[in-house]
Amino acid sequence: MPELPEVETIIRGLRPDLVGKRVQSVDLRWARTLATPSPVEFKKRLRGQKIEAVTRRAKYIHLHLSKGHLLIHLRMSGDLLLRERTQAPEKHDRLILTLSNGSSLAFNDARKFGRVWLTDNPDEVLARLGPEPLDAAFTSQVFYERLQAHRRQLKPLLLDQSFLAGLGNIYTDEALHMAGLHPRTKSDLISREQVEDLWRAVRDVLQEGIRRNGASIDWVYRGGEFQNHFRVYDRGGEPCPVCGTAIQRILVGQRGTHICPTCQPKVGD
DNA sequence: CACGAGACCTGTTCGC
DNA sequence: TGCGAACAGGTCTCGT
């Protein structure tokens, strides 16, 4: 479910309830959720820690603790929820932290792809990430140079978190449609003007996603409403909002991809 | 280096 | 209704 706007929505919601609280107890219900350290170490080091800040880097949730850092990646189906301490664990809860204010923080993840790290050096996990797309440092010139440095299909490149951090399948399709670019276009073949359009599209679509509290599809519901404003994603067969042509669903880099064949003509190759 | 296939998992939806 | 196949918001590793 979660891409940058969904993760941003989650941390904004949780932050006021988490900052200043202490971890009283740790209930690890699916051991493989833990990337590092060992379960025994994890519990020992986490208990008693105070949550000092809640931030986001790309799709990672970052809890800054009095000593150490808890990083959480929700992957496909993860969710982070505040519960009443008295509430019984739910079916897919993988980790539950009981907090000092009588609530608990539950990491729920049906597909078990999500991961949690407890580390003194968050860079061990985050260092390989590319630029943060909404950062002031991510200029269209930086984007242009990075695109030129590769000869790859645009969509898989935009999904590569070491190239640009935070986009997922939804926002990539939306941004490429907004910029009028075909997802298979080679990254070094687009003009400076097209890069400018794509740069603006990426930032606009992420900001719109955040403004609408993210997108919620299917049974993994979070209360966002961006799903009601998709231009192409999950809209195969429906008319393109710009030109009316039927939206196509194709496969690019093994990911379902949605394009308007009129607005996003193939280039180069 | 770029790309495809397969793995990791469970749940929902679609087609027959 | 039943049942298998296809598919899902992500990322990693391996082989070509």
Side-chain angles (χ1 to χ4, degrees), chain A residues 1-10 29-36 56-61 71-80 90-95 107-117 124-130 133 146-176 183-189 205-206 208-210 212-237 249-258 268-269:
Chain A
M1 152 214 178
E3 304 179 32
L4 187 157
E6 288 74 34
V7 176
E8 181 66 27
T9 301
I10 289 169
R29 308 174 66 81
W30 177 253
R32 298 185 64 182
T33 290
L34 203 50
T36 188
R56 175 190 63 73
R57 169 73 170 107
K59 302 174 193 172
Y60 290 84
I61 295 165
L71 298 167
I72 302 167
H73 198 304
L74 304 173
R75 295 278 177 92
M76 290 287 264
S77 59
D79 202 354
L80 205 53
E90 296 201 356
K91 187 173 180 191
H92 299 115
D93 285 352
R94 308 303 177 196
L95 174 67
F107 173 57
N108 184 280
D109 182 23
R111 293 179 71 181
K112 300 178 174 172
F113 289 164
R115 290 292 178 270
V116 171
W117 296 256
E124 282 171 13
V125 181
L126 306 176
R128 304 186 62 201
L129 292 168
R146 292 180 76 87
L147 287 162
Q148 287 292 317
H150 296 273
R151 190 184 201 85
R152 290 176 60 183
Q153 299 180 337
L154 280 179
K155 173 154 177 177
L157 187 55
L158 292 173
L159 288 173
D160 183 336
Q161 301 295 298
S162 67
F163 176 77
L164 184 63
L167 288 178
N169 213 29
I170 294 176
Y171 294 90
T172 301
D173 280 6
E174 294 295 305
L176 286 169
R184 285 199 238 265
T185 306
K186 298 288 186 180
S187 58
D188 60 337
L189 291 185
V205 78
L206 289 174
E208 185 185 359
I210 292 170
R212 299 191 185 281
N213 297 315
S216 317
I217 312 175
D218 300 343
W219 43 285
V220 193
Y221 181 70
R222 269 213 71 84
E225 53 139 357
F226 186 56
Q227 69 278 9
N228 301 319
H229 303 271
F230 288 161
R231 294 150 179 83
V232 288
Y233 185 81
D234 205 20
R235 296 193 58 239
R249 182 187 182 279
I250 61 175
L251 220 54
V252 181
Q254 287 119 245
R255 305 299 302 276
T257 299
H258 311 80
D269 204 19

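Every chain is numbered from 1 and lettered A, B, ... according to where its sequence line falls, protein lines coming before strand lines.
For the atom pair CZ of A:Arg56 and OG1 of A:Thr9, the computed distance is 9.5 Å after rounding to the nearest 0.5 Å.
Of all nucleotides present, only B:dC8 satisfies the Watson-Crick or G-U wobble test against C:dG10, with each distance under 3.5 Å. Look at C:dG4: its Watson-Crick or wobble partner, with both distances under 3.5 angstrom, is B:dC14.
Partner of A:Pro5 under the side-chain contact (heavy atoms from CB on, under 4.5 Å) criterion, chosen from A:Leu167, A:Ile210, A:Ile10, A:Ile170: A:Ile210. Partner of A:Leu159 under the side-chain contact (heavy atoms from CB on, under 4.5 Å) criterion, chosen from A:Leu164, A:Leu154, A:Thr172: A:Thr172.
In this structure, the ring of A:Tyr233 has its center no less than 6.0 angstrom from the ring center of A:Phe226.
Whole-Å rounding puts the A:Gln227 CD to C:dA8 P distance at 17 Å. To the nearest angstrom, C1' of B:dT12 lies 13 Å from CG of A:Asp234. Rounded to whole Å, atom P of B:dA7 lies 15 Å from atom CZ of A:Arg111. In this structure, A:Arg152 places its CZ atom 9 Å from C1' of B:dC1, rounding to the nearest Å. The nearest whole Å value for the distance from the CG atom in A:Leu158 to the C1' atom in C:dT11 is 16 Å. One atom, CH2 of A:Trp30, and another, C1' of B:dT10, lie 11 Å apart when rounded to the nearest Å. The CG atom of A:Leu159 sits 15 Å away from the C1' atom of B:dA2 (whole-angstrom rounding). Rounded to a whole Å, the NZ atom of A:Lys155 is 15 Å from the C1' atom of B:dG4.
Between A:Leu126 and A:Tyr60, some side-chain heavy-atom pair lies under the 4.5 Å cut-off. Two residues are said to be in side-chain contact when any heavy atoms from C-beta on lie closer than 4.5 Å; A:Asp109 and A:Arg75 fail this criterion.
Side chain of A:Glu174 to backbone of A:Arg231: a donor-acceptor contact under 3.5 angstrom is found.
For C:dT11, the OP1/OP2 oxygens have no side-chain nitrogen or oxygen of A:Arg115 closer than 4.0 Å. The phosphate of B:dC3 (OP1 or OP2) has no side-chain N or O of A:Gln254 nearer than 4.0 angstrom. Considering only side-chain N and O atoms, A:Lys59 lies under 4.0 angstrom from the phosphate OP1 or OP2 of C:dT11. Between A:Arg249 and C:dA8, a side-chain N or O to OP1/OP2 separation shorter than 4.0 Å is present. Residue A:Lys91 places at least one side-chain N or O under 4.0 Å from the OP1 or OP2 atom of B:dG11. Under 4.0 angstrom from either OP1 or OP2 of C:dG10 there lies no side-chain N or O belonging to A:His73. The side chain of A:Lys112 contributes no N or O atom lying less than 4.0 Å from OP1 or OP2 of C:dT11.
Taking the P atoms as reference points, C:dA6 lies 14 Å from B:dA5, given to the whole Å. Comparing the P positions of C:dC3 and B:dC9 gives an interatomic distance of 26 Å, to the nearest angstrom. Comparing C:dG10 with B:dC1, their C1' atoms sit 23 Å apart, to the nearest whole Å. Going from the P atom of C:dG9 to that of B:dC14 covers 15 Å, rounded to whole Å.
Among the heavy atoms of the strands, none lies under 4.0 Å from A:Arg128. Using a 4.0 Å heavy-atom cutoff across all strands shown, A:Tyr233 reaches sugar-phosphate atoms only and no base atom. A:Gly253 comes within 4.0 angstrom of sugar-phosphate atoms only, judged by non-hydrogen atoms across all strands, and of no base.
Distances from the side chain of A:His92 to the nucleotides C:dG9, B:dG11, C:dA8 place B:dG11 closest. Listed nucleotides: C:dG10, C:dG9, B:dG11. Nearest to the side chain of A:Arg75: C:dG10. When distances run from any side-chain atom of A:Met76 to the nucleotides B:dG11, C:dG9, B:dC3, the shortest one goes to C:dG9.
Under the stacking definition used here (centres under 5.5 Å, planes under 30°), the residue A:Phe113 fails to qualify as stacked on the base of C:dT11.
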